[in-house]
Each structure stands twice: as C-alpha cells, then as structure tokens.
> 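Sharing a structure below in structure tokens format, with a few things to ask.
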Amino acid sequence: MRKILTPQFFRRPTLTVAKDMLGKFLVRRIGKKEINLMITEVEAYDGPEDKASHASRGKTERNKIMFGDAGNWYIYFTYGMHWMLNVVVGSKGYPAAILIRETDKISGPARITKYLKIDKKFNAKPANKKTGLWIEDRPACAGRGVKIKPSMIKRNKRIGVAYAGKWADKPYRFTYVQQKS
DNA sequence: ACGATGATGAAC
DNA sequence: TTCATCATCGTA
C-alpha cells in the first residue's frame, strides 16, 4: 500500500509540509530499477522575507520555479559541483521550498542527488511517477515505513546560511530521530 | 581548515 | 563584462 504524494500535499504551509515530509520515501526510477530513500532531514525556505532563501531578492531566472505551483522540483547547482534537490511548497505566487538534506541510506544533500543521478533536467518538473522522481507515503507495516510522532522530530537552525541575519537562527531544519528502545 | 569548481545575480 | 558569492564535500 503506497501512496504517491500529490500537489495538494505540498500546497500547505511550508513548515507543516517540512515536518510531514519526514518518514516519507523519495523514489527514483532509473530504467527498471527503483531506488527508495526514507527522508530523515529537511530544511524549509519560507517566503520572500526569508533572507536565507533564494527568493529573498525577488524572482530571478533561477528561482522562478519557487514562485510557481507546489509539488514541482526546484533543482539548482551550487559550489561549482553540487546539485540541490528541493520541492516547491505553499500557494502559487508565494516562494517556498523544502530542501531534502538527509535520508536513511544517504546523508548530505549533494550526495543524495549524486546517488540518484539528479541534475537540472528535473528542474521545474512535477514530482510524479512519469518524471521518474517522486515522494511516497507508506504505512508502518510496509518495509522501512515508520509512523512519525512529534517526539521524534528535532528542530534546529539551517546549515550553511549564517549570512542570513536573524533568519539564520530560525529552527527551520527538521530531523527525524530514531527513538532508543 | 581549506580548496575544488562554475553558475548566478548584482554591479559596473 | 566582471566579480563576489555560494542551502557542499572530501581530504588534511
């Protein structure tokens, strides 16, 4: 029982979507092969005022996808060598996105895109089966699926945004922490 | 602690 | 057209 997340999942308040993405599965199909990674850490980039967000200086050629429909991929190149994977969230016209920063098998946003062979060809494409890259919800009984409780979610400052003034201190990084038994 | 490495956006 | 910057990572 697997449910592919649709635009309406992403068309909600940024921080709500960020929290709800923990425990969901990022799925990449390459040929006949399917790679599944459970999302364990994300960062929210929320609105035109967020100085850590690409959208803080208005709409540009690169960030225009953030201003568009929820449920599309926003993929950009940074540090001369890395691709970052984000999904656009919130209402149309309101620039917001969630960066997928860590999964159960692969840690680090650039490592994830390298592992899944993701680059600019996915930018502005919808997250669905047709594009070969999407996000699924799964029940706790199916394989690695888990039920995320609020006590399992840690909130911290975002990484690599120290330049962003007071926005650098916002607890917009959400991490799923496994409970010790 | 630092260099790799190139697109992006803002200034000129 | 130039230039500083950058939502990172591997090696030291």
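Letters A, B, ... mirror the listed sequences (proteins, then strands); counts begin at 1. Computed from heavy atoms alone, side chains included, the values below leave out hydrogens, waters and symmetry copies.
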> Under a single-linkage definition using a 4.5 Å side-chain heavy-atom cutoff for Ile, Leu, Val, Met, Phe, Trp and Tyr, are A:Ile30 and A:Phe122 assigned to the same hydrophobic cluster?
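Cluster IDs for A:Ile30 and A:Phe122 match.
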> Can any side-chain N or O of A:Arg155 pair as donor or acceptor with the backbone N or O of A:Pro171 at less than 3.5 Å?
yes
> Between residues 9-19 of chain A and DNA chain C, which residues have a heavy-atom gap below 4.0 Å?
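By residue number: none to list.
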> According to the Watson-Crick and G-U wobble definition with distances under 3.5 Å, which dot-bracket string, read 5' to 3', encodes DNA chain B, using [ ] for crossing pairs and | for pairs with another strand?
||||.||||||.
> Give me the atom names and distance for the closest heavy-atom approach of A:Met66 to A:His54.
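Taking A:Met66 first and A:His54 second, the nearest heavy atoms are SD-CB, 4.2 Å.
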> Find out whether the Lys NZ or Arg CZ of A:Arg158 is both under 6.0 angstrom from the six-membered ring centre of A:Tyr45 and within 45° of the ring's axis.
yes
> How does protein contact run along nucleotides 1-12 of chain C, one letter per nucleotide 5' to 3', with B for base contact, S for sugar-phosphate only, - for none, heavy atoms under 4.0 Å?
-----BBBSS--
> Which atom pair, heavy atoms only, marks the closest approach of A:Leu85 to A:Leu99?
O-CD1, 3.5 Å
> Quick one: does A:Thr131's side chain have a donor or acceptor within less than 3.5 Å of a partner on A:Pro126's backbone?
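At least one qualifying donor-acceptor pair exists.
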> For DNA chain B, which nucleotides open and close the run of contacts to chain A, 5' to 3', at under 4.0 angstrom from a non-hydrogen atom?
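Terminal contacting nucleotides, 5' to 3': B:dA4 to B:dA10.
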> Under a 4.0 Å threshold between the charged nitrogen and the carboxylate oxygen, would A:Arg2 count as salt-bridged to A:Glu34?
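Salt bridge present between A:Glu34 and A:Arg2.
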> Taking atom CG of A:Leu26 and atom CE of A:Met21, what is their separation to the nearest 0.5 Å?
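The CG atom of A:Leu26 sits 8.0 Å away from the CE atom of A:Met21.
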> Listed by chain and number, what are the salt bridge (Lys or Arg N to Asp or Glu O under 4.0 Å) partners of A:Arg12, not counting sequence neighbours?
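In terms of salt bridge (Lys or Arg N to Asp or Glu O under 4.0 Å), with neighbours along the sequence ignored, A:Arg12 is linked to A:Asp20.
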> Within a strict 4.5 Å, meaning less than it, do heavy atoms of the A:Leu116 and A:Ile106 side chains meet?
no
> May I have all residue pairs that pass salt bridge (Lys or Arg N to Asp or Glu O under 4.0 Å) and include part of residues 66-78 of chain A, sequence neighbours excluded?
none
> To the nearest 0.5 angstrom, please state how far the CZ atom of A:Phe67 sits from the NZ atom of A:Lys92.
13.5 Å
